2 protein chains.
Amino acid sequence: MVRKPTSKESARKPNMREAILAAAEELFATNGFNAVSVRDIAQAAGANPGSVTYHFKTKDGLLLEIYRRHCGPMNLRRSELLAAAKRVRDLQDRLEAIVRAYVVPAFTSGSDLAGGGARFTRLRAVMSAEGNEVARKIIAQTFDDTSHAFIDAIHESLPHIPRTDIVWRSHFLLGALYYSLVTPDRVSRLSRGEADGSDAAGAIEQLVQATVAAFQAPALDQAAPARRRPVVSSKT
Amino acid sequence: MVRKPTSKESARKPNMREAILAAAEELFATNGFNAVSVRDIAQAAGANPGSVTYHFKTKDGLLLEIYRRHCGPMNLRRSELLAAAKRVRDLQDRLEAIVRAYVVPAFTSGSDLAGGGARFTRLRAVMSAEGNEVARKIIAQTFDDTSHAFIDAIHESLPHIPRTDIVWRSHFLLGALYYSLVTPDRVSRLSRGEADGSDAAGAIEQLVQATVAAFQAPALDQAAPARRRPVVSSKT
DNA sequence: TGATCTTTTGTACGATAGTACAAATCACAT
DNA sequence: ATGTGATTTGTACTATCGTACAAAAGATCA
């Protein structure tokens, strides 16, 4: 009802709909959902507030469309890279390739959308922190399969580690990934300018290196359980 | 002007001010700052909206007071634990003790405030994701010193790792820590019920184990730099 | 050109936001 | 008991929110 498939396709002229999506993505990703008004988005896109209603009906609908736009391509890219990674023979290299297959699409473009991978991942991080209902629903039904696939693949590379530990560690990976996109300036600040938190390539290398080591850590249960907690008790 | 230091101290009767603080903390931590109205907070605390204005002047003032309440005690506790950790002789044990000194106060109570450590840390995670100005300011000037102290201590335990890498890895640690508190249900879901994401003790053990290994990973620069990137390039 | 779409604009409406403030109430020293 | 300062209540003001909708503008093809 909305698109017009006549003649030479579409998406040729400066598309207002796309401008609104891009502006919303950027604003949501940096300020959160509730802090951004429809009017803010319209203004940033050079559009009229009513135009947002026309294209996306509601503010939730706009968020939903942003997710629809990115989830598919990013999942596809991850699946491709995961499939390639699983073909790596050397076990150590394979683990690293799997982690890379998970991380890279989150930092770089998920499709041909202009460099939007990192922006969308940051958006996901913010929505997750805010407990956004729309996001929670679509994320659980879109990404859980992929997450399981990665967890299984990692588990195959590290069969001596219990699956529970793998789940925790991949959860930590996602948290680290999110946080790197949310506050890259903190890295620059704490490193006193020696590192650039906004440098995606650098962040990826650091994250992959650290995460591979984390996955390879000994399992919790069998790691000298009588020796744990050397200094600290849980209450003062 | 506000407190009344007459006779036997204060804070004896059911304190409305405390109830408002607790309710705000809980609501902000689960829904974000902008999604929660002053009226929501008042209702949750069993108070009148005007009462919030009376005690904290503005909504920002309320958030600020929450931070003031927790930052000091949590930093103090971390410093104590860090000092104790630095006295551990064995290098491996010391590193673990340092990480634990960083993690434990974030999960457990920062002071005698009822079990509020995890709640406050979750609040910080959410405010950080939302790019909240009030939070950003107070965090940078309150926690950066402590963060540097931890980074330095870790660096002393791992002198062969460049400080830049330590910064990145401790950044990942904080991200993982935040995310574990923000969406513990994801751990339960992905582990198919085998792990409980809300179990603080379990989360701490997993996080410490994984993070220690991550810190001990070889440095990026000197780790066979010609061999990196086995599968994936950075663009499709 | 004129008819028929789609898209954009402008404006308005009800709901709710943060905050201010006067009146009512409470706690307690004298 | 009573006066006094601290607290709580109730209400109101203005701003802004998401959304609806009619009119204007633009595009497409007979």
Side-chain angles (χ1 to χ4, degrees), chain A residues 1-25 27-28 30-66 127 130 132-135, chain B residues 1-25 27-28 30-66 127 130 132-135:
Chain A
M1 241 61 110
V2 171
R3 284 304 198 82
K4 177 190 8 155
T6 50
S7 65
K8 44 190 169 209
E9 274 234 63
S10 64
R12 189 61 52 190
K13 55 188 174 283
N15 204 333
M16 195 87 274
R17 187 185 149 94
E18 296 300 323
I20 293 171
L21 277 170
E25 211 177 295
L27 288 172
F28 286 157
T30 48
N31 301 105
F33 185 75
N34 293 283
V36 176
S37 72
V38 173
R39 286 167 177 83
D40 291 337
I41 296 166
Q43 183 166 31
N48 190 284
S51 201
V52 177
T53 307
Y54 170 71
H55 283 291
F56 307 100
K57 199 65 189 168
T58 67
K59 198 182 169 190
D60 275 356
L62 173 54
L63 181 64
L64 198 65
E65 181 58 24
I66 292 174
M127 294 303 119
E130 287 187 317
N132 184 287
E133 265 302 303
V134 176
Chain B
M1 243 56 115
V2 170
R3 283 301 197 86
K4 178 187 7 151
T6 49
S7 66
K8 46 191 168 208
E9 274 234 61
S10 64
R12 189 61 52 191
K13 55 190 177 282
N15 203 332
M16 193 87 274
R17 189 185 148 93
E18 296 300 323
I20 293 171
L21 277 169
E25 210 178 294
L27 288 172
F28 286 157
T30 47
N31 301 106
F33 185 75
N34 292 282
V36 177
S37 73
V38 173
R39 286 166 177 83
D40 291 338
I41 296 165
Q43 183 166 33
N48 190 284
S51 200
V52 177
T53 308
Y54 171 70
H55 284 291
F56 307 100
K57 200 65 189 168
T58 66
K59 198 182 171 190
D60 276 354
L62 173 53
L63 182 64
L64 199 65
E65 182 57 25
I66 292 174
M127 294 304 118
E130 286 187 318
N132 185 286
E133 265 303 303
V134 176

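Just so it is clear, the structure is predicted and the values come from calculations on it, not from any experiment. The chains referred to below are lettered A, B, ... by the order of the sequence lines, with proteins before strands, and numbering in each begins at 1.
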Discussion item. How many whole angstroms separate atom CG of A:D60 from atom P of D:dC17?
Written reply: 16 Å
Item to complete: Nearest whole angstrom, please: distance from the C1' of C:dA17 to the CG of B:N31.
Response: 16 Å
Item to complete: Would you please name every residue forming a side-chain hydrogen bond (donor to acceptor under 3.5 Å, both in side chains) with A:Q43, sequence neighbours left out?
Response: none
Worksheet item: So does A:S37 get a side-chain nitrogen or oxygen closer than 4.0 Å to the phosphate oxygens (OP1/OP2) of D:dC17?
Response: yes
Response to the item:
Per atom distances to the B:R39 side chain, the nearest of C:dT8, D:dA20, C:dT19 is C:dT19
Worksheet, complete the sentence: All heavy atoms of B:M127 vs all of B:F28, minimum pair found to be CE-O, 4.0 Å
Fill in: Minimum heavy-atom distance between B:E130 and B:N34, given as atom pair plus value
OE2-N, 4.2 Å
Item to complete: Let me know the distance between CZ of A:F56 and C1' of D:dG18, rounded to the nearest Å.
Response: 16 Å
Worksheet entry | Check against side-chain contact (heavy atoms from CB on, under 4.5 Å), B:D60 and B:F33 | CA-CA 9 Å; B:D60 276 354; B:F33 185 75; 3.4 Å; yes
Discussion item. Strictly below 4.0 Å: does B:H55 bring a side-chain N or O up to OP1 or OP2 of D:dA6?
Written reply: no
Fill in: Whole-Å distance separating the CD atom of A:Q43 from the P atom of C:dG10
13 Å
Worksheet item: For B:L63 and C:dT19, what is the distance between atoms CG and P respectively, to the nearest whole Å?
Response: 12 Å
Fill in: Close side-chain approach of B:Y54 and B:N48, heavy atoms under 4.5 Å
no
Discussion item. Quick check for you: among C:dA17, C:dT8, D:dG18, whose closest atom lies nearest to any side-chain atom of A:M16?
Written reply: C:dT8
Discussion item. Just the rounded figure in Å: distance from P of C:dT7 to CZ of A:R17.
Written reply: 9 Å
Discussion item. Below the 4.0 Å mark, does C:dT8 have OP1 or OP2 next to a side-chain nitrogen or oxygen of A:N48?
Written reply: no
Discussion item. Of the options D:dG18, C:dT7, C:dT19, whose atoms approach the side-chain atoms of A:Y54 most closely?
Written reply: C:dT7
Worksheet item: What integer distance in Å separates B:I41:CD1 from C:dT19:P?
Response: 10 Å
Response to the item:
A:K59 atom NZ is separated from C:dT16 atom C1', nearest whole Å, by 13 Å
Worksheet, complete the sentence: Comparing nearest nucleotides in DNA chain D, the 5'-proximal residue of the pair B:A47, A:V38 is B:A47
